[in-house]
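Just below is one structure, and these are the notes that go with it.
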Amino acid sequence: MRQNTHDRYGSVARSLHWLTALIILTNIGLGLLANRLSMEALETKILLFSLHKTLGVMAFAVALTRILWALTQTRPAPLHPERRAETFLAETVHWVLYAAMLMVPLTGWIEHAATEGFAPILWPFGQNLPLVPKSPDFAEAMAQVHHVFAWMLMGAVALHVAGALKHAVIDRDSVLARMLRGAPAGKPLQQRHLRPALAAVAIFAAGTAFAIAPRDHDPQPAAALEQAASEWQVQDGTLGFSVVQMGAAVEGGFSDWTAAIEFDPDSGTGHVDVTINMASVTIGTVTDQAKGAEFFDVAQHPTATYSADIRPEGDGFVAEGPLDLKGQQVPVTLSFTLDIAQGTARMSGQAQMDRRDWNIGQGYDNESSVGFPVQLQVDLTATR
């Protein structure tokens with residue numbers, strides 16, 4: 001029998017129940033293992049997170065199918081309606097489970113879409129979601145909500161399993177048998193789901209508030225660099241970079257940097273001194289790892305500097321000089337275009353570097369996880 005009745009679950013409901021259980025339990029294991037795996041096993045960590053995200057999308061689809069099916073079906077009556085507190089708790093746990101089965105994968109999916117690159121979903125339909133902006137702050141907020149909702153899901157699963165075992169071992173009734181083999185049990189009863197549903201809403205509201213509440217131990221932003229004295233004052237600009245990770249381009253950047261620029265428009269020559277606050281780096285979900293000792297080692301090398309002479313070359317210009325990063329000085333040539341009108345200069349430049357020259361990504365001596373080339377992109381507007 002495919003359809004539910006007042007005293008039994010149909011084959012469709014039972015199949016969706018056990019498929020959902022299998023996916024959720026597998027994905028909980030993948031998520032916990034991936035989180036606890038050290039960065040020294042980056043390739044395995046990325047693979048586990050990719051599997052976790054891919055299975056999460058599947059979990060969302062299966063859960064949505066299950067809920068839509070349940071809405072069209074009769075809900076089998078509780079076997080012990082006289083146990084009001086127990087029945088209320090069971091109903092509340094069911095509502096929390098239904099909500100969590102949707103909200104946990106959805107918040108994780110939104111977090112993934114709001115950030116860049118790390119551990120792609122293993123499917124051909126892209127990594128973005130409509131209306132979800134690329135925003136590190138938004139991604140971090142969704143990560144916190146996803147984390148809290150995941151623990152709520154695990155708690156609800158634990159209560160659900162404990163309740164099923166109680167019915168099977170202590171009460172010795174047919175609650176578990178109804179879901180295992182569709183055994184009939186229970187009598188027709190008018191059920192009221194409003195109060196348990198409202199309780200589940202309150203639980204999720206409290207979980208959301210806890211997830212987004214500011215923490216006293218949240219890291220404070222690094223002190224901003226003082227603006228350098230300059231002949232040309234930078235009004236706005238971006239300092240970004242991209243690197244290939246697991247076959248996909250990942251974009252990052254620095255939000256805090258200063259530039260002291262001397263430039264003669266008549267000769268096309270000049271000099272620039274750039275200071276970069278390395279703690280201001282962002283690169284998707286691996287920002288914290290990028291600041292660590294294996295990569296930028298921000299604790300030991302809080303700033304990087306670039307001192308270069310400017311000269312014309314071809315139809316554009318180049319800035320050429322050493323980039324002092326992580327204690328290593330390596331020459332970098334930045335090619336750029338420049339447009340000056342009415343005292344305002346607009347510049348756009350690129351440079352390609354090799355992360356190994358500065359001992360960035362030590363231990364990742366092949367490109368299977370992190371590529372060697374790093375593309376630097378600079379855009380700025382300055383006034384004289």
Side-chain angles (χ1 to χ4, degrees), residues 34 37-54 111-128 134-136 139 238-255 257 274 276-298 300-301 304 306 308 318-336 348-379:
L37 204 62
S38 74
M39 290 302 292
E40 294 178 358
L42 182 62
E43 291 184 46
T44 302
K45 190 179 183 77
I46 291 174
L47 176 60
L48 290 177
F49 269 121
S50 284
L51 292 173
H52 175 75
K53 293 176 183 181
T54 305
E111 177 203 351
H112 173 81
T115 191
E116 292 284 353
F118 179 65
I121 298 172
L122 303 176
W123 69 348
F125 305 114
Q127 306 297 316
N128 300 325
K134 294 292 184 185
S135 166
T238 59
L239 176 58
F241 62 90
S242 65
V243 62
V244 174
Q245 180 180 279
M246 296 293 288
V250 181
E251 295 185 356
F254 299 91
S255 60
W257 52 276
V274 180
I276 305 166
N277 180 356
M278 298 303 294
S280 71
V281 66
T282 57
I283 178 168
T285 53
V286 292
T287 295
D288 289 341
Q289 286 76 25
K291 295 178 181 180
E294 287 187 324
F295 290 90
F296 290 131
D297 196 7
V298 171
Q300 298 299 319
H301 305 281
Y306 178 55
V318 297
E320 196 168 46
L323 172 62
D324 189 338
L325 171 62
K326 202 179 177 183
Q328 304 293 320
Q329 286 194 353
V330 180
V332 170
T333 299
L334 178 77
S335 301
F336 64 94
S348 180
Q350 303 84 31
Q352 182 164 303
M353 304 176 292
D354 189 317
R355 63 175 175 82
R356 295 171 296 179
D357 291 339
W358 291 270
N359 295 326
I360 304 296
Q362 295 178 4
Y364 302 96
D365 54 2
N366 62 67
E367 297 187 274
S368 59
S369 54
V370 183
F372 296 148
V374 177
Q375 186 72 32
L376 182 69
Q377 177 69 41
V378 184
D379 295 280

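Positions are given from 1, in the same order as the sequence printed here.
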Check [X] against [Y] and note the closest heavy-atom contact, atom names and distance.
X: Thr115; Y: Lys134; value: O-NZ, 2.9 Å
X: Ala293; Y: Lys326; value: O-NZ, 3.1 Å
X: Val330; Y: Asp357; value: CG2-O, 3.5 Å
X: Ile283; Y: Val243; value: CD1-CG1, 4.2 Å
X: Met278; Y: Ala304; value: SD-CB, 3.7 Å
X: Val318; Y: Phe336; value: C-CE2, 3.7 Å

With distance as the sole test, does [X] use its side chain to make a donor-acceptor pair with the main-chain N or O of [Y] at under 3.5 Å?
X: Lys45; Y: Leu37; result: yes
X: Glu367; Y: Phe372; result: yes
X: Lys53; Y: Ala119; result: yes
X: Arg355; Y: Val370; result: yes
X: Thr54; Y: Leu122; result: yes
X: Ser280; Y: Asn277; result: yes
X: Lys291; Y: Phe296; result: no

Roughly how far, to the nearest 0.5 Å, is [atom2] of [Y] from [atom1] of [X]?
X: Gln377; Y: Ser242; atom1: CD; atom2: OG; value: 8.5 Å
X: Ser50; Y: His112; atom1: OG; atom2: NE2; value: 8.0 Å
X: Leu334; Y: Leu376; atom1: CG; atom2: CG; value: 6.5 Å
X: Thr282; Y: Glu251; atom1: OG1; atom2: CD; value: 10.5 Å

**Prompt:** Which is it for Ile121 and Gln127 under the side-chain contact (heavy atoms from CB on, under 4.5 Å) test, yes or no, and what are the steps along the way?
**Reply:** CA-CA 7 Å; Ile121 298 172; Gln127 306 297 316; 3.6 Å; yes
**Prompt:** Could you walk me through whether Tyr364 and Phe295 pass the ring-ring contact (aromatic ring centres under 6.0 Å, His included) check?
**Reply:** CA-CA 10 Å; Tyr364 302 96; Phe295 290 90; 5.5 Å; yes
**Asked** Among all residues two or more places apart in sequence or in another chain, which pass the ring-ring contact (aromatic ring centres under 6.0 Å, His included) test with Tyr306?
**Response**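 Result, ring-ring contact (aromatic ring centres under 6.0 Å, His included) vs Tyr306: none returned.
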**Request:** Under the ring-ring contact (aromatic ring centres under 6.0 Å, His included) rule, collect the residues that match up with Phe241, sequence neighbours excluded.
**Result:**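 For Phe241, the residues satisfying ring-ring contact (aromatic ring centres under 6.0 Å, His included) (neighbours in sequence not counted) are Phe254.
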**Message:** My understanding is that only residues two or more places apart in sequence, or in another chain, count here; which of them pass side chain to side chain donor-acceptor pair (under 3.5 Å) with Asp324?
**Reply:**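 Scan of Asp324 (side chain to side chain donor-acceptor pair (under 3.5 Å), adjacent residues dropped) gives Gln329.
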**Request:** Run the numbers on Gln328 and Leu323 for side-chain contact (heavy atoms from CB on, under 4.5 Å), then give the verdict.
**Result:** CA-CA 8 Å; Gln328 304 293 320; Leu323 172 62; over 6 Å; no
